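Worksheet: the structure to be examined is printed underneath.
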Number of protein chains: 2
Amino acid sequence: MNIVSNRQEQAFSNPLAMRAASRNGSWTRETSGAALGYVQANLAILPSALADDFLRFCVRNPKACPLVGISEKGSPRIPDLGVDLDIRTDVPRYRVWEDGELAAEPTDISDLWSDDLVVFAIGCSFSFEEALIANGIGLRHVAEGHNVAMYRTNIECVPAGPFSGPMVVSMRPLAPADAIRAVQITSRMPAVHGAPIHIGLPASIGIENLDQPDYGDPTRIMPDEMPVFWACGVTPQAVIQAARPKFAITHAPGCMLVTDKPNAALIAF
Amino acid sequence: MNIVSNRQEQAFSNPLAMRAASRNGSWTRETSGAALGYVQANLAILPSALADDFLRFCVRNPKACPLVGISEKGSPRIPDLGVDLDIRTDVPRYRVWEDGELAAEPTDISDLWSDDLVVFAIGCSFSFEEALIANGIGLRHVAEGHNVAMYRTNIECVPAGPFSGPMVVSMRPLAPADAIRAVQITSRMPAVHGAPIHIGLPASIGIENLDQPDYGDPTRIMPDEMPVFWACGVTPQAVIQAARPKFAITHAPGCMLVTDKPNAALIAF
């Protein structure tokens with residue numbers, strides 16, 4: 001989920017500085033614009049009894065749930081994403097879910113940690129948005145400082161155990177030539193949602209009104225633009241919420257896990 | 001230019017057989033469906049005084065004029081496209097242009113050959129259509145056995161010497177997910193027009209009425225489909241015609257130069 005309104009306020013030029021500020025409690029807000037060039041990730045923490053099902057869900061739905069890291073059971077570390085990384089403290093703000101209901105929004109989950117938990121880090125559109133912008137493709141929601149528009153679709157994810165539900169997509173309006181270039185650019189980044197799943201014709205994927213996104217903010221579409229739809233990391237959050245597990249933790253919207261992995265390292269070819 | 005109505009009639013399973021039949025005069029028609037798996041090319045033969053300008057035109061407009069071969073001045077051979085290949089006899093039917101007017105449609109140009117001519121072979125959409133079909137993407141004009149729909153656009157080619165004019169595009173209607181996959185597939189084939197140049201919104205590129213193509217046949221577009229536009233090899237033909245050179249030779253529509261180069265060899269990555 002993209003929160004960009006504070007893009008100008010942040011001074012964290014590298015992932016370690018960002019994580020350190022989260023860790024010591026001095027930063028408790030969105031991470032958009034921090035540590036540019038490095039992968040930020042959606043976070044899901046589940047009891048081990050659900051972890052196998054959720055892992056299969058991610059593997060079966062790689063466009064919505066591209067895994068960039070997974071912990072050992074009981075370990076709060078994912079060394080591949082940062083040797084110092086401690087998942088209990090390094091995200092600015094978390095959401096704690098009990099029976100599918102939001103129970104708390106702490107900035108530290110050390111006291112909630114247990115040897116039974118498994119951490120999933122899932123790719124985020126920040127990485128490909130950076131690549132689009134680097135290619136000269138303007139993104140209106142970024143320019144206007146609001147959240148990307150997101151919609152539930154009529155595309156059912158492939159279920160696994162208790163996890164099922166519709167794919168959520170993000171939408172960015174682009175001129176046709178930019179849309180084609182965006183397909184090329186994001187095709188190279190399968191670990192962060194990859195190519196769009198749809199272009200134009202919102203009704204074909206069950207979106208009746210682009211002006212009323214289910215998440216985020218509406219984005220104007222100009223007459224010479226097409227809506228371009230990417231699978232979105234809100235999908236796994238919505239699916240976890242719908243499964244109503246006794247206990248789960250995610251990141252708070254826009255408060256991502258900032259990793260040491262360069263975006264460039266995600267480029268498949 | 002795609003002529004597919006005789007796709008079922010042809011028995012030329014390899015490029016040499018196709019060229020031999022053209023050479024001995026036993027085949028004087030379209031080459032669609034012949035020697036599947038091998039590159040077919042648009043042909044332009046120009047006096048050397050125009051060749052440098054035309055070469056620069058092709059280099060400046062690579063999506064419409066992707067060069068797959070060029071002869072030495074005065075040579076009717078392009079060994080890279082076939083060791084036996086003789087451009088004077090190996091195309092089923094030619095068009096001879098004098099001062100921009102169609103002067104003849106011979107099946108052999110040996111008597112018109114001179115040491116002053118230069119041959120240009122330009123990639124053709126047959127190659128990428130084969131790749132699309134191999135990926136399970138249906139093409140309506142192929143299924144219905146008519147020519148692809150082609151349109152003059154308001155996109156001006158980058159001029160070179162006397163050569164200038166609008167880009168001509170071919171249009172294929174595709175469901176959005178297929179359109180995205182088609183961008184991926186054709187991006188890998190820059191030598192045969194590469195990625196689409198436009199998708200949806202025909203008016204943005206100066207196409208007022210999709211039902212009235214400037215070349216080829218109209219193709220129905222279903223409500224759940226988008227028109228997808230590729231730069232087309234008719235562009236250089238139209239540009240040569242408009243330049244009104246004293247003398248030029250092209251292939252007759254659909255009667256392509258069939259080469260020994262596998263389509264697979266054009267895949268860039």
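This is a predicted model, so every value here is computed, not measured. Labels below follow one simple rule: chain letters A, B, ... track the order of the sequence lines, proteins then strands, and each chain is numbered from 1.
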Shortest non-hydrogen pair, A:Pro176 vs B:Leu201, comes out as CG-CD1, 3.8 Å
When you look at CG of A:Asp224, are more than 12 heavy atoms from neighbouring residues, nucleotides or ligands closer to it than 6.0 Å?
yes
Crowding at CG, A:Asn135 (>12 non-hydrogen neighbours, <6.0 Å):
yes
Which residues satisfy the side-chain contact (heavy atoms from CB on, under 4.5 Å) test with A:Asn209, sequence neighbours excluded?
A:Asp211, A:Gln212
Which residues from residues 181-194 of chain B are near chain A, with near meaning under 4.5 Å between non-hydrogen atoms?
B:Val183, B:Gln184, B:Ser187
Please determine, among B:Ser204, B:Gly200, B:Ala177, B:Pro196, the option with the most heavy-atom pairs under 4.5 Å with chain A.
B:Pro196
Please look at A:Ile197 and chain B and tell me whether the side chain, the backbone, both or neither of the residue comes under 4.5 angstrom of a heavy atom of that chain.
backbone
Neighbour count above 12 (heavy atom, 6.0 Å) for B:Tyr38 OH
no
Between B:Ile180 and A:Ala195 the two heavy atoms that sit nearest each other are CG2-CB, 4.1 Å
